[in-house]
Amino acid sequence: MIQYFKNIYSAIATIFIGMKITFKHLFVPAVTIQYPDVKPKLPDRERNRLYVNFDDCIGCDQCARACPVECITVDTVKGLPTEDLGKTSQGKKKALWVTSFTIDFAKCCYCQLCVFPCPTECIYMTDIYEFSEYERSNLIYNFSILTPKEAEEKKANYARFEAEKAAEKAAKAAAATPPANASKEQ
Amino acid sequence: MGLLDKQFAKESIVVTSLEDLLNWSRLSSLWQVGFGLACCAIEMMATSASHYDFDRFGVIPRNSPRQADIIIISGTVTLKMATRIKRIYEQMADPKYVISMGSCSNSGGPYWEHGYHVLKGVDRVIPVDVYVPGCPPRPEALLEGLLKLQEKIRNESLVKKTA
Amino acid sequence: MALKTEHMTLNMGPQHPSTHGVLRLEVELEGEIIKSVQPHIGYLHRCFEKHAEAMTYPQVIPYVDRMDYLAAMYNEFGYAVAVEKLLGIQVPERVEYIRVIMGEFQRIASHLVAVGTYGLDIGAFTPFLFCFRDRERIINLFEMTCGARMLYNYIWVGGLSHDLHPDFVRNAKEFVSYFKPKVKELNDLLSYNRIFIDRTANVGILPLETAINYGISGPNLRGSGFEWDIRKDDTYSVYNKFDFDIPVGKGLQGTVGDCWDRYYIRIQEMGESLKIIEQALEQLPEGDVTSAIPKRIKPPVGQVYSRVENPKGELGYFIISNGSPNPFRVKVKGPSFVHLGIMNELCKGHMIADVIAILGSIDIVLGEVDR
Amino acid sequence: MKNIQEIFDILKEKFGDSILELLTTLPVESFITIAPKKINEVCLFMRDNEELKFNSLMCLSGVDDANGKQVKDENGAVKIEGSTLSVYYHLESTEFRHKVTLKSSAPKENPEVESVALIWHHADWHEREAWDLVGIKFLNHPDLRRILMPYDWEAGHPLQKDYKNPEFYHGMKVPY
Amino acid sequence: MTYDFFSKLFGSDLIAALIQSLLPLFIFILPYALFAVWWERKVSAHMQDRLGPMRVGWHGALQTIADILKLFQKEDIVASSIDKPLFNIAPVLMFVGTYAAFAAIPFSSVFIGSNLDLGVFFIVAVSGFSVAAILMAGWASDNKYSLIGAMRSAAQIISYEIPTILVIITIVMVTGTLNLTTLSEMQTGHFWNWMILGGPGSSLSKFLLIPSMILGFGIIYISTLAEVNRTPFDIPEAESELVAGYHTEYSGMKFAMFFLAEYANMLAVSSVVAALFFGGYQSPCGYLGNLIGLKWLIPIEQIFWFTAKGLFFVFVQMWLRWTLPRLRVDQLMNTCWKYLIPLAFVNLIIIGLITLI
């Protein structure tokens with residue numbers, strides 16, 4: 001019987017304690033951040049969309065190799081010895097044309113593993129998070145400054161150069177080998 | 001909008017302002033299926049929690065898909081789950097919208113290459129309206145996706161649905 | 001006369017508000033009474049173990065995060081400890097301290113979600129939002145340190161990706177003093193509420209023998225009254241330098257090992273974690289956090305089973321190395337996976353509403369169950 | 001507290017030939033190899049013996065050892081033949097605080113290992129997982145079904161090293 | 001009273017009856033329900049340190065209107081396996097029950113839908129409609145969750161009618177009437193004439209009555225809470241167990257009817273409690289109209305007081321909902337049969353003894 005009234009008492013008492021707390025919170029200012037109107041300042045280490053400072057990229061493919069997801073694809077073609085490919089901001093000479101540098105943000109897992117190995121620190125994470133899209137294909141970003149046409153050109157150039165070099169080599173070889181062959185045969 | 005499709009072959013003032021009203025009501029009361037899949041679901045919960053407060057946009061979770069307007073695919077869709085998602089989507093009443101939240105549901109995300117049991121993108125089973133990138137997206141990013149969706153609804157028309 | 005009723009099979013999930021994700025429970029009912037519960041899992045099977053075999057050791061860490069996404073920091077911690085054991089390397093003191101601080105913050109965050117969603121399962125909405133409000137502060141601390149809110153990729157093999165942010169220590173101390181009164185408020189609002197006690201006390205009693213036989217660990221095992229904590233009993237990192245208690249279930253509101261005990265252990269553990277954080281912040285040594293990170297991780301042929309005390313329980317990594325830069329096999333013993341196995345045992349004879357109460361009290365994360 | 005050598009001696013004395021070897025040369029962890037058809041008896045003994053009392057199974061893992069030779073079939077797909085599948089058992093005694101690792105290997109063509117699910121209930125789901133992902137058959141298991149993969153998954157056991165993923169599952173394209 | 005006025009005005013009983021019956025709906029129930037939904041969202045939000053609807057109108061004031069307009073546009077899904085007639089009738093019946101209950105609620109001394117002699121009784125009886133509606137909805141939906149929800153609901157509502165009626169009987173014993181207008185008229189004057197403080201008069205029995213009346217109020221408030229399926233008694237639609245309970249399968253406008261009926265019901269029971277214990281439409285401190293001699297002001301003031309009291313109890317319902325967890329089904333029955341009903345009986349006996357002396 002005592003238990004019976006104890007139960008009633010504890011039920012009522014705890015309910016009132018709870019109600020007191022919630023009532024108090026009616027007058028506590030809300031913690032809500034009113035997002036589109038108010039945007040909080042994000043910390044400086046914020047990890048959101050990747051950005052590639054393409055001027056500095058030397059096309060070393062380190063980031064693509066570090067990526068666990070393989071959402072980065074870097075296509076490069078060697079520059080001709082006659083061409084000037086420019087320098088990075090640290091004064092390193094570039095040797096490769098980066099014909100395409102795409103990051104698929106629909107696959108990216110924002111883990112920052114690609115940032116650390118970069119020798120020129122040209123790939124880094126920014127605090128831009130507002131880039132949702134109606135189409136998935138728009139989430140594939142190409143950072144290369146070369147237009148596809150230019151890229152084709154560079155590829156063709158290098159292929160031609162290679163071919164020329166190969167031809168030269170072959171000619172050289174052709175000039176050098178017959179006697180050797182002949183001597184072997186003998 | 002099926003019934004009204006042919007009645008208003010031409011736009012007029014009446015139709016457009018009615019349209020605006022209806023679009024406004026739809027976009028400001030997007031009830032969501034209370035449905036989480038994986039990591040992004042926690043971020044979705046954080047979005048509806050005090051700091052970001054989904055309720056400000058009129059989004060409240062409804063547990064029954066019948067009463068919901070929007071489904072947020074929040075996380076990895078596995079092959080086992082894909083059929084269920086399709087079914088939940090089919091159970092929802094028109095007009096209905098889909099937000100694909102996070103890399104996993106956009107395209108399989110980190111699991112696209114070796115994930116033998118992961119569906120590579122939820123758009124293989126249901127049509128997606130907005131893709132929110134991120135892994136997981138910040139709550140703000142999800143809200144931005146929602147605003148994008150509202151923008152899309154605002155431009156919808158009784159006469160013909162802009163897909 | 002005993003009336004015979006037909007058994008009814010009720011499918012809970014995979015889309016159900018309180019299965020904490022995509023779990024399907026096949027519940028066999030007789031009226032409202034449960035005859036058996038059959039969990040069907042795998043709706044979130046993301047092939048972690050296959051991925052681990054295809055990645056190099058550092059690349060596995062982002063995937064490790066995504067297992068128990070509520071306690072990503074601790075997953076990394078466990079993985080790092082395991083690989084370091086395999087490599088046989090020592091990490092600097094400062095790294096260990098920061099790991100412990102992060103791990104304990106993560107424990108609080110994870111328990112907050114567990115407690116909050118448990119309230120939600122029982123029907124109280126407000127504590128859930130209070131818990132998330134406080135969790136947001138911890139997340140801000142993490143974000144400040146490594147830039148990500150949930151999946152950090154912060155603890156690396158041999159070190160950390162970043163040193164602490166200059167403001168971190170101050171903010172962490174602020175949080176500790178902010179959070180202490182909140183625990184009391186939560187207790188008043190939820191833990192000691194009569195309805196809550198009625199719903200959870202004497203429900204889903206887990207006897208100790210059964211618990212050990214089922215491999216239960218963490219707060220659930222301690223809820224059954226067994227003082228067992230890997231942080232103390234099989235110590236790793238620098239946990240032996242801190243003074244903290246292991247809360248055990250005492251059956252304050254009902255029987256030892258009931259849902260309320262398991263729930264209350266989590267509340268108490270948050271307090272213990274605060275204690276550890278305070279001590280660690282005091283003793284935090286100076287040093288470099290990236291010096292011990294090996295350039296190329298290529299462990300010798302061998303295997304290791306290493307375990308840590310994850311917020312959910314014993315998180316074990318079984319790693320086999322064949323001498324290549326990729327692990328040969330990584331098997332994860334996730335506590336949630338193990339804990340879910342006991343559902344049938346706990347639920348028999350209870351009512352439908354109790355399934356929810358029991359499931360919430362064992363605190364599972366489907367990402368870890370299915371991996 | 002007993003070290004692995006003492007445990008090995010006790011087991012060797014009791015079971016003789018079914019205890020195959022003790023491997024301690026590995027840099028990190030040593031283990032005892034046990035015949036697959038005797039593992040349940042050994043485990044039961046280890047749980048109930050007064051000196052050992054391994055009352056807790058920490059982990060049970062199935063591993064595809066991939067130690068056979070690679071064969072290319074007519075489609076060009078790589079198959080590994082003649083290898084073994086192993087099960088690792090990590091045991092612990094919460095009373096004496098000692099730990100031990102057991103290993104039991106079976107040929108891949110006929111991977112049958114006795115189940116320990118009735119000794120430690122914990123093993124139930126782990127064994128189902130090992131069957132599901134690695135393809136080890138556990139004899140006398142109460143309910144050996146797939147657990148993580150769908151029940152109607154037909155393409156084999158994904159954690160085997162020579163596993164090939166199917167192109168379609170229920171009309172959904174699987175590869176990217 | 002209004003009926004007489006309108007029948008004189010239009011010279012037709014029919015028009016008067018129509019106006020009489022539609023008036024409460026349009027003047028009161030719909031705007032109220034829309035307001036209450038918005039209010040609940042705001043109250044809950046502020047209790048949880050957030051803001052609630054903010055983006056449509058001033059602090060989201062147009063939120064519910066948008067909701068309703070949207071629900072109008074939603075597809076009305078009728079699955080093939082369900083029992084169509086029952087499925088369609090259920091929401092209507094739910095709304096009818098609520099609506100009918102409003103007929104006998106005295107908003108002021110002149111405005112009452114139907115001044116029934118059995119007013120309280122009528123309301124209790126009519127709100128029983130909702131049981132039938134919920135059962136229909138649950139059965140017709142052909143969904144296990146709905147069915148369980150409906151079964152729970154039937155058991156719950158029927159059980160909780162008993163303490164409600166037992167408490168009403170105590171009021172009847174003291175006042176000798178079931179007519180809500182008469183009841184309210186009796187409690188005129190100041191707040192110390194309210195039934196919760198023993199009713200009018202200043203005899204000894206008034207003071208003896210006070211504790212029993214408070215107890216009675218507690219019992220009836222708890223049981224009405226259960227009758228309208230609010231937390232902690234919302235097990236028929238227990239979200240965490242039964243998805244959405246009996247209205248799991250409903251979409252669009254039919255769902256809106258359940259939704260609005262729930263909020264209308266909340267006000268109906270709150271008004272009954274207010275009318276029984278808190279003086280109904282009577283002001284707690286005299287009327288401004290009396291003070292400045294404008295008689296026509298009094299009914300308006302009365303409507304104000306009545307709404308205020310009703311809304312206050314609705315607010316308490318919301319307050320409880322956002323504070324408390326939910327009971328289990330057997331505990332719910334325990335609360336009713338082991339606590340409320342015995343206490344109500346004891347209360348009945350005590351009040352009986354008091355009225356005897």
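Protein chains get the first letters and strands the later ones, always in sequence-line order, with residue 1 at the start of each. When reading the values below, keep in mind they use all heavy atoms of this one structure, side chains included, and skip hydrogens, waters and symmetry mates.
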Trainee: Only one of B/I88, B/I85, B/V77 forms a side-chain contact (heavy atoms from CB on, under 4.5 Å) with B/I126, so which one is it?
Mentor: B/I85
Trainee: Does the structure place the NZ or CZ of B/K96 under 6.0 Å from the centre of the six-membered ring of B/Y89, at an angle of no more than 45° from the ring's axis?
Mentor: yes
Trainee: Output yes when E/R41 and E/D67 qualify as a salt bridge under the 4.0 Å nitrogen-oxygen rule, no when they do not.
Mentor: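 Looking at E/R41 and E/D67, the cut-off is met.
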Trainee: Are B/R154 and B/E151 ion-paired here, with the side-chain N under 4.0 Å from a carboxylate O?
Mentor: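 Here B/R154 pairs with B/E151 in a salt bridge, since their nearest N and O are under 4.0 Å apart.
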Trainee: Taking atom CH2 of E/W38 as the centre, report whether more than 12 heavy atoms of other residues, nucleotides or ligands fall under 6.0 Å from it.
Mentor: yes
Trainee: Would you confirm whether E/Y160, through its side chain, and E/L225, through its main-chain N or O, come within 3.5 Å as a donor-acceptor pair?
Mentor: no
Trainee: Between E/K42 and E/V37 (side chain of the first, backbone of the second, donor and acceptor by atom type, cut-off under 3.5 Å), is there such a pair?
Mentor: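 Not at all, since once roles are kept as given, no pair shorter than 3.5 Å links the two residues.
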Trainee: Under 4.5 Å, heavy atom to heavy atom, which residues of residues 40-57 of chain B contact chain E?
Mentor: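 Counting heavy atoms that sit under 4.5 Å from chain E, the residues of residues 40-57 of chain B involved are B/S50, B/D53, B/D55, B/R56, B/F57.
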Trainee: Quick one: what part of E/L62 sits under 4.5 Å from any heavy atom of chain B, side chain, backbone, both or neither?
Mentor: both
Trainee: Is any residue of residues 67-74 of chain B within less than 4.5 Å of chain E by heavy atoms, and which ones?
Mentor: B/Q67, B/A68, B/D69
Trainee: Which residue out of E/A66, E/S251, E/A256 racks up the most heavy-atom pairs below 4.5 Å with chain B?
Mentor: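 If we count pairs closer than 4.5 Å to chain B, E/A66 comes out on top.
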Trainee: Checking ring pair (Phe, Tyr, Trp, His ring centres under 6.0 Å) between E/Y250 and each of E/F259, E/F258, E/F255, which is the one that passes?
Mentor: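 Exactly one pass, corresponding to E/F258.
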Trainee: Based on non-hydrogen pairs under 4.5 Å, which of B/G58, B/P65, B/S29, B/S64 is most in contact with chain E?
Mentor: B/S29
Trainee: Any side-chain to backbone donor/acceptor pair from B/Q32 onto B/R62? Under 3.5 Å, distance only.
Mentor: no
Trainee: Does NZ or CZ of E/K70 lie under 6.0 Å from the centre of the six-membered ring of B/W31, at an angle within 45° of the ring axis?
Mentor: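 Yes.
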Trainee: Among B/L27, B/D129, B/V128, find the one that has a side-chain contact (heavy atoms from CB on, under 4.5 Å) with B/Y97.
Mentor: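 Only one option passes, and that is B/D129.
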